[in-house]
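Reading through the structure tokens given below for one structure.
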Amino acid sequence: MSRPLHRGVSGVRISGSSHDLWDSQMKDKPEKEELDRRGSDQSYLALRFPFRLLLPDNSTPKCGITDNGFASDSFVVGTPRSRHKLAMLLLKFSLVLIVILALTGSFWWTISISTSSRGHIFHGYRRLQEQLVSDLWDIGELSLGSSKLKELEFCPQEFENYVPCFNASKNIALGYSDGNEYDRFCGHEPRQNCLVLPPVNYKIPLRWPTGRDVIWFANVKITAQEVMSSGSLTKRMMMLEEEQISFRSASLMFDGIEDYSHQIAEMIGLRNESNFIHAGVRTILDIGCGYGSFGAHLFSNQLLTMCIANYEALGSQVQLTLERGLPAMIGSFTSKQLPYPSLSFDMLHCARCGIDWDQKDGIYLIEVDRVLKPGGYFVWTSPLTNVQGRYRTKENQKIGNFVRGFAENLCWEMLSQQDETIVWKKTSKRNCYSLRKSSSGPSICSKSHDIESPYYRSLQSCIGGTQSRRWIPIEEGKTWPSRATLNKSELAYYGLHPEEFADDTDIWKAAVRNYWSLLSPIIFSDHPKRPGDEDPSPPYNMLRNVLDMNANFGGFNSALLEAGKSVWVMNVVPTNRPNYLPLIMDRGFVGVLHDWCESFPTYPRTYDLVHAAGLLSLEIGQQHRCTSLDLFTEIDRLLRPEGWVIIRDTASLIESARALTARLKWDARVVEMESNSDERLLICQKPLFKRQAN
């Protein structure tokens, strides 16, 4: 994609030609590349085997066969050959001695440095380390020749909806059962460094909010039969109209969703669902969300609903929800804790979600209690709760009674029951657990077991979160959007100073303005304009699903919303950096812990924008368990065709990353920041490639 750049952007300087925004493809220079390859090969070998130049491996033995085929004599002093060998040996010994003396002198010089001088050295250590890693990376790439730099191949067709770490058939072969075969297991299969192609008839999703109600049938893996048979409450009636799936039909099911949300609000004691915000509800975890209709309806009331559901190879709830521009990720209650901090969500919702809450001695309900904020609500809709319905059997009554009794032992108050729906309210008082009858219900977790932010740890049978400093009932906390801004005492919970938080906020406000101004000429450069006309700003709804790979405090999310962009952001906190995910969740955003050496729990073609600030610097400081190519191919899998990637890091790392983008077939450009800054931006766009129809 080559587009002329008609207008510059103030505050930044774009490297390369002033006429072309995107880099031109690499020109063929066979002779030069061959010379570079040979030179780099020799340099690479010299780096890997420095002592071979000094002490060759094929040195002549004491007795043996020489190159000319004659037997060599033993070493005899006095002959010309022996004197020559002696001279060479002395020369080699001298060289070794010189190296040893130089290293010794350097060592003594180092330890004699004063304390003040030592501080100056350590001050620049990080930058030197990054430059060294970048240089070694470049040397390694060049040493492997031109074959290493060729573009990646496209994946086979069966990878169109491939989600690594979720392989039920392989998990069954490994011996997993009882539902565990659908759980997440990473590391059992090699990484696939190939590019995932979209389906043959794939089309770019419609812009928000139209895309919330209408999606392209070919973009998701679902059959027409599944579309027409989806009649459960939270799936909402879908209609197959030519090449589209419509969720906006004026059907009874649409009225059902609206009435259902209104009913829940009344059961809590509110006038309608628009009052959820005033009751302290902002974030909702929707378990087994259908196709996201509950969250889609509540979005207009400023409620943010995260959908989680098991991995499904066909008709995936998560895939369709994401295609509609709604928050979702693959998640399971089967055996592991969810990758969310304790006390994260204001409400949990389960409408025929398929969870057997009475199994494993109520351990799934304990996990619900862990992620639910004090004073938060658990909504359960199931035929098992309706004592008057046709599902009334002794077995169902037994299950319903168990859930009610266990909820009481968790210090939940049952607010109301209507038809198939029950609403509980989690206690706001910590001492409720100590006031329970002895041996009634699960115990409270000890400090060693009460981990605030577990990462796919086994489910715990004890009550967590009770010892957290973040135990603040939702009715006592600030409501949205005020909760996105924290005061000094609130920041103290997370060990932050107000100045640090304010600086981060200002940085991301400026960054969002710069990002938008940079994208303006890129998007509109092919539109005819008269001289003097300004480039129009990109539409506020050009992006919808955004992934922030290194979210820190959630400042990028906050700045996007404050700028009026119609986005939702998946804030990811890497497991190898300080954990501010509790802060992000408490601000009214959604996010997750993740190890970027593993695949993210979502389907291909999920996000319109992937943002990574400082992630490369973070990764090079860690012991390498995966390659940069692994990381970038995973980004490519997550990114929608014609989606954007913005990477912000040091200049050396950005230049190294830029070389990888050519292998991924991305259009890429390096943008300089302030003149006195070592940071650079790498702005990329993923082209739309299609597989040829058979």
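In this structure, Glu323 CD and Arg212 CZ are separated by 15.0 Å, a value rounded to the nearest 0.5 Å. Annotation: the span from Ser261 atom OG to Leu298 atom CG amounts to 4.5 Å, rounded to 0.5 Å. Between Thr305 atom OG1 and His349 atom NE2 the span is 9.0 Å, to the nearest 0.5 Å. The line from SG of Cys289 to CD1 of Ile284 is 12.5 Å long, rounded to the nearest 0.5 Å. From Cys307, atom SG reaches atom CZ of Arg324 across 10.5 Å, with rounding to the nearest 0.5 Å. Here the straight-line distance linking atom CZ of Phe217 with atom OG of Ser246 works out to 14.0 Å at 0.5 Å rounding.
Proximity of a side-chain donor or acceptor of Gln460 to a complementary backbone N or O of Ser458 within less than 3.5 Å is detected. The backbone N or O of Pro582 lies less than 3.5 Å from no partner atom in the side chain of Glu452, so there is not a single donor-acceptor pair. With Lys425 contributing its side chain and Gly375 its backbone, the two residues share a donor-acceptor pair below 3.5 Å. With hydrogens and angles ignored, the 3.5 Å screen pairs no side-chain donor or acceptor of Asp608 with any backbone N or O of Gly643. In terms of modelled atom types and a separation under 3.5 Å, the side chain of Tyr455 and the main chain of Asp595 share a donor-acceptor contact. Put simply, the side chain of Asn541 never gets that close to the backbone of Lys565: no donor and acceptor are under 3.5 Å apart. When atom types are taken as modelled, the side chain of Ser558 and the backbone of Gly554 share no donor-acceptor pair closer than 3.5 angstrom. Here the side chain of Asp356 pairs no donor or acceptor atom with the backbone of Asp358 at under 3.5 angstrom. For Asp450 (side chain) and Cys445 (main-chain N/O), no donor-acceptor pair under 3.5 Å exists by modelled atom type. Under the 3.5 Å distance criterion, the side-chain polar atoms of Arg640 are left unmatched by any main-chain donor or acceptor of Leu609.
Annotation: side chain of Gln319 is in contact with side chain of Asn161 (closest heavy-atom distance under 4.5 Å). Counting heavy atoms from C-beta on, the side chains of Arg436 and Cys411 come closer than 4.5 Å. With a 4.5 Å cut-off on side-chain heavy atoms, Thr421 and Trp380 do not count as touching. Looking at Glu160 and Pro604, their side chains never come closer than 4.5 Å, going by heavy atoms from C-beta outward. Within the 4.5 Å cutoff, the side chain of Asn557 has no heavy atoms near those of the Asp548 side chain. With a 4.5 Å cut-off on side-chain heavy atoms, Arg370 and Pro454 count as touching. Residues Leu343 and Pro374 are in side-chain contact: their nearest non-hydrogen atoms beyond the backbone lie under 4.5 Å apart. Within the 4.5 Å cutoff, the side chain of Ile264 has heavy atoms near those of the Phe276 side chain.
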| message | Working note: Ser316 + Tyr311, criterion side chain to side chain donor-acceptor pair (under 3.5 Å); need CA distance, chi angles, decisive distance, verdict. | response | CA-CA 7 Å; Ser316 166; Tyr311 167 76; over 6 Å; no
| query | What do the steps show when you test Ile584 against Val573 for side-chain contact (heavy atoms from CB on, under 4.5 Å), and what is the final call? | reply | CA-CA 9 Å; Ile584 291 171; Val573 175; 3.9 Å; yes
| query | How far apart are the C-alpha atoms of His262 and Glu258, what are their side-chain angles, what is the distance that settles it, and do they pass the side chain to side chain donor-acceptor pair (under 3.5 Å) test? | reply | CA-CA 6 Å; His262 190 83; Glu258 188 171 6; over 6 Å; no
| said: Determine whether Ile245 and Ile222 satisfy the following criterion, side-chain contact (heavy atoms from CB on, under 4.5 Å), listing intermediate values before the conclusion. | reply: CA-CA 11 Å; Ile245 301 175; Ile222 189 172; 4.2 Å; yes
| message | Is there a side-chain contact (heavy atoms from CB on, under 4.5 Å) between Asn576 and Trp596? Walk through the geometry before answering. | response | CA-CA 9 Å; Asn576 57 348; Trp596 281 116; over 6 Å; no
| task | Please test Thr466 against Tyr433 for side-chain contact (heavy atoms from CB on, under 4.5 Å), starting from the C-alpha separation and ending with a verdict. | result | CA-CA 9 Å; Thr466 60; Tyr433 303 105; 3.7 Å; yes
| task | In sequence, state the C-alpha distance, the side-chain angles, and the governing distance for Glu598 and Arg184, and then conclude on salt bridge (Lys or Arg N to Asp or Glu O under 4.0 Å). | result | CA-CA 11 Å; Glu598 299 172 351; Arg184 175 182 180 273; 2.5 Å; yes
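Aromatic ring centres of Phe378 and Trp357 lie closer together than 6.0 Å. Here Phe299 and Trp208 bring their ring centres to under 6.0 angstrom of each other. Between Tyr456 and His594, the distance separating the two ring centers is not shorter than 6.0 angstrom. Two rings, from Phe345 and Tyr340, have their centers less than 6.0 Å apart.
Under 4.0 Å is where a charged nitrogen must lie from a carboxylate oxygen, and between Lys426 and Glu413 no such pair does. A salt bridge does not link Lys398 with Glu395: every distance from a Lys NZ or Arg NE/NH1/NH2 to an Asp or Glu carboxylate oxygen is 4.0 Å or more. Salt bridge present: Arg352 and Glu420 bring a charged side-chain N and a carboxylate O closer than 4.0 Å.
Closest approach of Arg637 and Ser599 over heavy atoms only: NH2-CB, 4.3 Å. Leu415 and Met267 get closest at one heavy-atom pair: CB-O, 4.0 Å. The two residues Leu326 and Asn545 make their nearest non-hydrogen contact at N-OD1, 4.2 Å. Considering all non-hydrogen atoms of both residues, Cys462 and Ile444 come closest at CB-C, 4.1 Å. Of all the heavy atoms in Arg587 and Trp480, the pair that sits closest is O-CZ3, 3.2 Å. Counting all heavy atoms, side chain and backbone alike, Asp419 lies closest to Thr385 at O-OG1, 4.1 Å.
With a 6.0 Å radius and a threshold of 12 heavy atoms from other residues, nucleotides or ligands, Glu408 has its CD atom at or below the threshold. Applying the 6.0 Å contact sphere to CG of Asp361 captures no more than 12 heavy atoms from other residues, nucleotides or ligands.
When each of Arg483, Arg469, Lys478, Arg470 is paired with Glu490, the salt bridge (charged side-chain N to carboxylate O under 4.0 Å, His left out) condition holds for Lys478 and for no other. The only option from Leu561, Val546, Asn550 that meets the side-chain contact (heavy atoms from CB on, under 4.5 Å) definition with Phe556 turns out to be Val546.
Between Phe553 and Tyr580, the ring planes are perpendicular. Angles over 60° get that label, and only those under 30° would be called parallel. The aromatic rings of Phe406 and Phe402 sit parallel, their planes meeting at an angle under 30°, below the 60° perpendicular limit. Ring geometry for Tyr607 against Trp568 counts as tilted: the plane angle lies between 30° and 60°, on a 0 to 90° scale.
Trp424 pairs by the side-chain hydrogen bond (donor to acceptor under 3.5 Å, both in side chains) definition with nothing, not counting sequence neighbours.
In this model, a donor atom of one side chain and an acceptor atom of the other lie less than 3.5 Å apart for Asp586 and Tyr494. Between the side chains of Asn301 and Ser274, no donor N or O sits under 3.5 Å from an acceptor N or O.
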